[in-house]
Amino acid sequence: MPQIGMKPNDPVPVLSVLNQDGALDETLEPDLSEDTLHRMYRTMLEARLFDERLLNLQRQGKLGTFAPVRGQEAAQVGSISALEEDDWMVPSFRENAAALWRGTPMDGLFLFIAGYNEGLAIPDGKKDLPVAVPVASQLPHAVGLAYAEKFRKTDNVAMVYFGDGATSEGDFHEALNFAGVMEVPVVFVCQNNQWAISVPRKKQTASHSIAQKAHAYGIQGIQVDGNDVLAVHAATRDAVERARNEHKPTLIECVTYRMEVHTTADDPTVYRDDEDVEAWEERDPIKRMRDYLTGKDIWSDDQEEELRDTVKKQIEEAWKKTQKTIEGLDDPTVIFDHMFDEPTHLIKEQRARFEQDLQSGRDADE
Amino acid sequence: MSDKRTMVDALNLALHEEMKRDDNAILLGEDVGVDGGIFRVSKGLIETFGEERIIDTPLAESGIVGTAIGMAMAGLRPIAEMQFSGFSYFAYHQIESHAARMRWRSRGRYHVPLVVRMPYGGGVRALEHHSESREVIYTHTPGLRTVIPSGPKNACQLLKAAIRDPDPVIFLEPKAVYRSVKEEVPEDLDPLPLDKAAHVREGDELTFVSYGAMLHRTLEAADRLQEEDGISCDVIDLLTLAPLDAATVVKSASQTGRVVVVTEAPQSYGPAAEIAARVAEDAFVKLEAPVGRVAGYDIHMPFFAREQSYLPSVDRITDTARYTLEF
Ligand SMILES: Cc1ncc(C[n+]2csc(CCOP(=O)(O)OP(=O)(O)O)c2C)c(N)n1
Ligand SMILES: [Mg+2]
């Protein structure tokens with residue numbers, strides 16, 4: 001039998017800029033201003049502390065279930081910081097860090113996790129999509145958004161986030177294929193955090209890398225150290241430019257780790273060892289960026305302490321504001337809102353009956 | 001030792017017993033193996049039956065059901081899990097285009113003894129897409145049986161029946177009941193038939209028809225009507241929605257003359273509409289009042305802070321019953 005000359009593991013470029021100790025490969029260092037670096041660091045820290053507060057409030061029964069970011073701050077902030085305001089941001093359900101960078105108010109995030117639809121409202125003018133829970137379902141939307149930008153001859157792009165698990169869904173493959181065929185300005189950002197709930201990356205795909213899946217669709221793929229904010233940023237900026245200038249899609253695989261529970265409904269001790277998690281603790285993206293900033297002499301312990309205080313206050317204020325907002329959300333008839341441009345006669349009828357029931361003092365069951 | 005079990009434990013027992021009984025039974029889905037299922041319904045199965053029979057699949061509902069259809073045609077007995085019914089839409093085309101049709105398409109050469117299990121329904125403060133009741137998508141698809149247990153014991157018996165059935169069965173598990181009810185569920189129970197409703201309470205003034213989690217609110221409303229109004233209600237638990245056991249409903253309707261259907265599915269074109277039609281067709285002359293419907297509204301399930309405003313409350317059920325009684 002003649003052997004066909006193909007290597008099983010089609011190699012893709014792999015990028016890392018900062019090593020584990022924050023030491024740098026200067027040839028690859030992206031050119032970022034001190035302000036931008038500070039803003040990136042602040043957003044990563046905001047995401048980390050916000051996560052901690054969310055967990056804490058969730059455990060007190062004040063919030064519903066949510067998906068923590070911990071460990072993935074660099075993957076999100078490194079990539080989203082390469083996007084402009086006029087570009088589209090298409091999230092999955094674990095992108096609080098990216099959302100914070102885009103200016104999503106913390107009290108909106110709180111409100112969403114407290115179970116109010118109002119928390120998912122997108123401020124006018126912002127080109128962000130609402131959280132998408134059905135895994136991978138948002139990928140084709142990004143292709144369509146990007147097509148519309150190209151159609152209108154703007155130079156805007158679309159960026160879409162998803163996990164390693166999402167790459168198993170048909171929607172992932174269809175989106176990459178469409179993007180390749182239609183040549184649209186889209187950037188696919190996969191946060192490979194090694195787990196899809198309890199299923200490890202190895203059981204998700206027999207491919208050597210996720211990035212290499214790009215090749216099957218005729219688009220570029222690159223794997224980056226997802227805990228290295230500079231590498232993620234450099235790779236994403238490159239991809240965004242290629243999308244903007246040449247309408248060429250890219251798949252970026254950020255290799256990272258889900259340090260927390262999948263969501264607060266999950267118990268990871270059933271399926272993974274603490275040692276694995278601890279090993280990744282060494283590669284903590286926030287610590288690594290701090291080491292880099294300190295090494296560059298643009299960050300001090302005092303600044304660190306001050307920033308932590310400021311962010312903690314910001315979180316507490318947002319939570320207070322959320323609680324106030326919730327007090328004002330006592331009209332349940334809003335459940336009939338936003339079904340159609342104009343409510344249909346059927347919705348009007350049902351809403352009227354619902355209001356009547358409310359007036360006759362009939363409460364919903366708890 | 002007491003055999004009191006939750007619905008989760010009862011389903012787990014049914015899976016253990018059926019997998020032991022039939023070497024061809026295979027469980028596949030997301031997180032069903034090592035994790036034991038996100039609700040722990042398949043806990044311990046991988047330890048007992050191994051990775052070949054308990055498969056943690058990649059994250060792809062269409063892949064899960066499509067693969068299960070292939071397994072079923074080749075003589076295995078796949079039990080596929082959709083993590084939530086809200087993600088079963090990814091698999092719907094496999095269910096409609098092939099699972100439901102293979103026997104018919106192949107003129108009887110192939111059949112698809114497949115169970116697709118999925119938690120459904122509201123009331124557990126879950127995220128978006130985790131609380132809907134879209135059972136009619138399945139009851140409206142010819143070639144499928146659609147089963148919805150209401151308690152631990154019937155869940156165990158119905159799941160056994162579903163696994164043994166030679167045709168595809170959609171098995172919807174009301175997750176609001178997963179842990180809220182405990183009941184005596186001994187080992188080695190017999191399966192229940194997949195076309196029979198259960199008469200769970202006898203009464204002669206009004207017929208309640210319900211299923212799943214709403215059965216429990218319906219029973220509360222029946223208690224209240226008995227206590228406050230001295231009204232005795234007949235209560236029917238459908239158990240299998242498709243094919244509908246219309247005979248049991250019609251018989252009761254003919255005796256009481258008054259029927260109220262309780263479901264958390266959106267009202268229009270919902271299960272209550274079908275039941276009302278069957279009652280109107282077959283018990284018309286015996287009816288004293290139009291059939292009452294207590295259902296969800298024709299809106300999306302609100303996020304969890306307001307899900308109880310959507311779900312039929314005991315108050316709404318009681319009010320509708322009183323209206324029907326006074327008509
Ligand atoms: C279509 C679909 N199937 C199942 C689920 C349930 N679910 C939510 S998240 C998740 C795992 C996602 O893994 P991955 O894509 O790696 O993202 P991560 O959670 O790791 O961020 C699953 C199975 C879902 N939300 N959508
Ligand atoms: Mg993942």
Side-chain angles (χ1 to χ4, degrees), chain A residues 64-67 93 112 114-120 130-131 133-137 163-171 196-200 203-205 262-263 265-267 270-271 326 329 332-339 344 346-347 350-351 353-354 357-358 360-366, chain B residues 30-40 43 51 55-64 66 83-84 86-87 89-91 93 123-130 217 220 266-268 295-319:
Chain A
T65 190
F66 74 99
F93 48 81
F112 170 60
Y116 289 89
N117 289 67
E118 287 83 347
L120 214 52
V131 164
V133 170
V135 168
S137 59
D164 43 311
T167 66
S168 295
E169 288 281 8
D171 278 350
I197 310 188
S198 72
V199 179
K203 281 197 179 174
Q204 205 59 249
T205 171
H262 165 70
T263 65
D266 169 48
D267 174 13
V270 177
Y271 55 79
I326 289 175
L329 295 177
T333 58
V334 298
I335 65 173
F336 293 93
D337 288 349
H338 298 296
M339 287 298 301
T344 60
L346 184 71
I347 301 278
Q350 294 190 358
R351 183 181 192 133
R353 206 180 331 131
F354 180 82
D357 284 351
L358 279 179
S360 64
R362 293 315 212 174
D363 289 334
D365 278 347
E366 286 308 326
Chain B
E30 296 155 11
D31 306 286
V32 299
V34 177
D35 198 38
I38 61 162
F39 289 104
R40 304 290 176 257
K43 190 177 168 189
E51 286 184 21
I55 307 172
D56 271 324
T57 66
L59 205 175
E61 289 73 14
S62 182
I64 293 167
Q83 203 158 74
F84 288 89
F87 308 127
Y89 316 133
F90 287 67
H93 87 110
V124 300
R125 295 168 60 84
L127 282 168
E128 192 182 4
H129 310 288
H130 290 68
R217 289 190 178 182
E220 270 187 65
Q267 175 164 298
S268 296
Y297 302 102
D298 291 311
I299 58 174
H300 299 297
M301 178 64 123
F303 289 2
F304 74 79
R306 300 192 182 98
E307 67 178 329
Q308 294 300 342
S309 292
Y310 167 92
L311 291 169
S313 63
V314 176
D315 279 342
R316 263 175 74 201
I317 301 170
T318 318
D319 283 353

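Below, chain A is the first sequence line, B the second, and so on; all start at residue 1.
Contact of A:Ile347 with chain B is made through the side chain alone, with heavy-atom distances under 4.5 Å. B:Tyr297 touches chain A through backbone and side chain together, each having a heavy atom under 4.5 Å away. With a threshold of 4.5 angstrom between heavy atoms, A:Leu346 approaches chain B through side-chain atoms but not through N, CA, C or O. Neither the backbone nor the side chain of A:Asp164 comes within less than 4.5 Å of any heavy atom of chain B. If you measure heavy-atom distances from B:Gln83 to chain A, the contacts under 4.5 Å come from the side chain alone. In this structure, chain B has a heavy atom under 4.5 Å from the side chain of A:Leu120, while its backbone stays farther away. For a residue to count as touching a neighbouring chain, one of its non-hydrogen atoms must lie under 4.5 Å from one of that chain's; by this rule B:His130 touches chain A with the side chain only.
For the pair B:Arg40/A:Val270, a side-chain contact is recorded, criterion being any heavy-atom separation below 4.5 Å from C-beta on. Counting heavy atoms from C-beta on, the side chains of A:Asp171 and B:Phe90 come closer than 4.5 Å. Residues A:Asp357 and B:Arg316 meet the side-chain proximity criterion, which asks for heavy atoms closer than 4.5 Å. A heavy-atom distance below 4.5 Å is not found between the side chains of A:Asp266 and B:Ile38. In this structure, the side chains of A:Asn117 and B:Pro302 come closer than 4.5 Å at one or more pairs of heavy atoms.
Highest contact tally toward chain B, considering only A:Ile326, A:Thr344, A:Leu329, is held by A:Leu329 [criterion: heavy-atom pairs under 4.5 Å]. With chain B as the partner, the residue from A:Phe93, A:Tyr271, A:Phe112, A:Phe336 showing the most heavy-atom pairs under 4.5 Å is A:Phe336. The candidate from B:Asp298, B:Val34, B:Thr57, B:Leu127 with the greatest count of non-hydrogen atom pairs under 4.5 Å with chain A is B:Asp298. Interface check for chain B: of the options A:Thr333, A:Thr263, A:Asp267, A:Val135, the most heavy-atom pairs under 4.5 Å are formed by A:Val135. With chain B as the partner, the residue from A:Pro332, A:Pro134, A:Ala196, A:Gly170 showing the most heavy-atom pairs under 4.5 Å is A:Pro134. Note on B:Gln267, B:His129, B:Glu307: by heavy-atom pairs under 4.5 Å with chain A, the leading option is B:His129.
One distance of note links CD1 of B:Ile299 with NE2 of A:His338; it measures 12.5 Å at 0.5 Å rounding. We find the CE-CD1 distance between B:Met301 and A:Ile335 to be 9.5 Å, quoted to the nearest 0.5 Å. One finds the CG atom of B:Asp56 at 10.0 Å from the CD atom of A:Gln204 (value rounded to the nearest 0.5 Å).
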For this session: Check the pair A:Ile197 / B:Glu30 against side chain to side chain contact (heavy atoms under 4.5 Å, CB included), numbers first and verdict last.
Result: CA-CA 9 Å; A:Ile197 310 188; B:Glu30 296 155 11; over 6 Å; no
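Taking all atoms of both residues into account, the shortest heavy-atom contact from A:Ser168 to B:Leu59 is CB-O, 3.4 Å. Scanning all heavy atoms of the two residues, the minimum distance from B:Asp35 to A:Ser198 falls at CB-OG, 3.3 Å.
Surrounding NZ of B:Lys43 are at most 12 heavy atoms belonging to other residues, nucleotides or ligands under 6.0 Å away.
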